[in-house]
Amino acid sequence: MFDLSSMMQYLPAFLEGFIMTAKVSIISIGFSFILGMIIALMRISTHKILKYFALAYVDMFRNIPFIVLIFFSYYGLPEIGIYIDAFWTGVLTLSLAVGAYTAETLRAGIESIDKGIIEAAKSFGLSPFKIFIKIIMPIALTVSVRPLGSVFINLILTTSILSAITLNELTGVSKVIASTTFRPFEVYVFLVFFYGLLTFLLSGLFNLWHLRLNKYNEAG
Amino acid sequence: MIEIKNLYKDFGELNVLKGINLSIHEGEVVSIIGGSGSGKSTMIRCINGLEKITSGTLTVDGFDVTKPSELLEARKKCATVFQQFDLYPHLNVVDNITLAPINVLGLSKAEAQIKAMELLDSMAMSDRATFYPSQLSGGQKQRAGICRALAMNPRYLLLDEITSSLDPEMTAEVLEILKLLVKRGITMICVTHEIDFAREISDRIVFLDEGTILKDMDKQSFFNDDGGLMEPRIAKFLTKMATI
Ligand SMILES: Nc1ncnc2c1ncn2[C@@H]1O[C@H](COP(=O)(O)OP(=O)(O)OP(=O)(O)O)[C@@H](O)[C@H]1O
Ligand SMILES: [Mg+2]
């Protein structure tokens, strides 16, 4: 029989998994955003080496299945003497991979900006850094913020793969509970609920951000 | 003084500026006229360092725009108003005006805003201070653009056809403002197709033709029959402009 109450005793375990998933997601989103900005800048720079490095980077990480990447980092790297725990292996690998998608999404936004606006800022003596922070990013994000939201929701969903490297995040915890209770249906109902909660929160946040950034468009 | 010596600018195979020599002194109002493609915009863009010059020298009050270490000082002395306005679309009018004074000149936000409001007031724009560029008419956009340039306290104001995206009524409104600025003694380098306007406000007229300066004369001589009009290309250009 379908019986959610039997799951109540496992609620603390679920919550622990939830917190782990949230932690990995938030840190990875932060890192991949910073990395994505850097790679996007390199992608559009006129410096040949930087540009091709960024292009190779994006292509590489978009063309390798994430599970292969994570096995490589967790089981492959120790063989050449690099040991990182499951948590940081997960965070760093996710950030590297999602950074590639973030970069492409931001690039699309950056390339939509009218060159004249940037030249105007230059002509007034604003430094490249100030131009990036005060002009390029806010305008690029008005275009990119929604696709970026999807990229980061995907990141949250991808954290489930980290159970494959023994990280006790939501999916990992659920598998253990399912095998001890023999109630996979109820367990996975919980799991769906928790992932839904996370992605719902994130997309709500991105919607607010989108509204804020696009104030000037709606105004017009 | 803006001093341009033997300036060449190529775009690949295309030679756009071919040995420009031009000095502009403080307090002068210089109009640059000439046919389409003669290199007027390119010259303005060289002055504010948006185009890399191919050879020659270009200094603004002694600061060499080709030297990265001096470019910023040169740029602080010149402020440009653009044909397409090029206001920052995500910032309201006041923030458009205060961005560079705060981040380049180091003014406090409050100081910069007071200054911005004064400028807006002088152009009958105070009621548009919190509007976004997309909410302004063309003439209002350009007045905001002029405020943005003036907020830098520039020694030289560079204008590149700033009325050519405007309809006649708005053009008149912007030209009135420029006349006021000239009365206050600002130094202005003004690329324009408004010959009557150039004739009214300029001290000097520079006629650019296919990348070279064909005539550089004070206004009176330029419009005399034995001055600029002696040059057939200039006469032809002026007649053409008059019939538009
Ligand atoms: N970035 C560029 N790359 C290649 N050619 C360019 C570039 N910018 C300008 N040119 C060329 O340089 C020439 C001069 O252009 P410029 O914009 O300076 O002319 P202009 O005198 O301002 O003309 P207009 O009155 O039409 O504005 C033109 O032939 C133009 O095609
Ligand atoms: Mg031009």
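Note on naming: letters A, B, ... go to the chains in the order of the sequence lines (proteins, then strands), and numbering restarts at 1 for each one.
- Nearest heavy-atom pair across Ser134(B) and Tyr216(A) is OG-O, 3.2 Å.
- In terms of heavy-atom pairs under 4.5 Å with chain A, the best-connected choice from Gly49(B), Cys78(B), Ala149(B), Pro154(B) is Ala149(B).
- A distance of 8.0 Å separates CD in Gln84(B) from CG in Asp114(A), rounded to the nearest 0.5 Å.
- Chain A forms the most heavy-atom pairs under 4.5 Å with one residue out of Arg45(B), Met152(B), Glu73(B), and that residue is Arg45(B).
- Residue Arg148(B) touches chain A through both its backbone and its side chain, counting heavy-atom pairs closer than 4.5 Å.
- Shown here is Lys179(B), whose NZ atom has more than 12 heavy atoms of other residues, nucleotides or ligands within 6.0 Å.
- Counting non-hydrogen atoms of other residues, nucleotides and ligands closer than 6.0 Å to CD1 of Ile82(A) gives a total above 12.
- For residues 91-114 of chain B, a heavy-atom distance under 4.5 Å to chain A picks out Leu99(B), Ala100(B), Asn103(B), Val104(B), given by residue number.
- No more than 12 heavy atoms of other residues, nucleotides or ligands sit less than 6.0 Å from atom CD of Glu16(A).
- The number of heavy-atom neighbours closer than 6.0 Å to CZ of Phe129(A), taken from other residues, nucleotides and ligands shown, is 12 or below.
- Pairs engaging residues 121-138 of chain A under the salt bridge (charged side-chain N to carboxylate O under 4.0 Å, His left out) rule: none recorded [sequence neighbours left out].
- For Tyr75(A), the OH atom is densely surrounded, since the number of other residues' heavy atoms within 6.0 Å is greater than 12.
- Rounding to the nearest 0.5 angstrom, the gap separating the OG atom in Ser123(A) from the CG atom in Asp86(B) is 9.0 Å.
- For the atom pair NE2 (His90(B)) and CG (Asn214(A)), the distance works out to 12.0 Å, reported to the nearest 0.5 Å.
- What you find for Phe124(A) and Ala79(B) is that their closest heavy atoms are CE2-CB, 3.9 Å.
- Going from atom CD1 of Ile117(A) over to atom CZ of Phe85(B) covers 12.5 Å, rounded to the nearest 0.5 Å.
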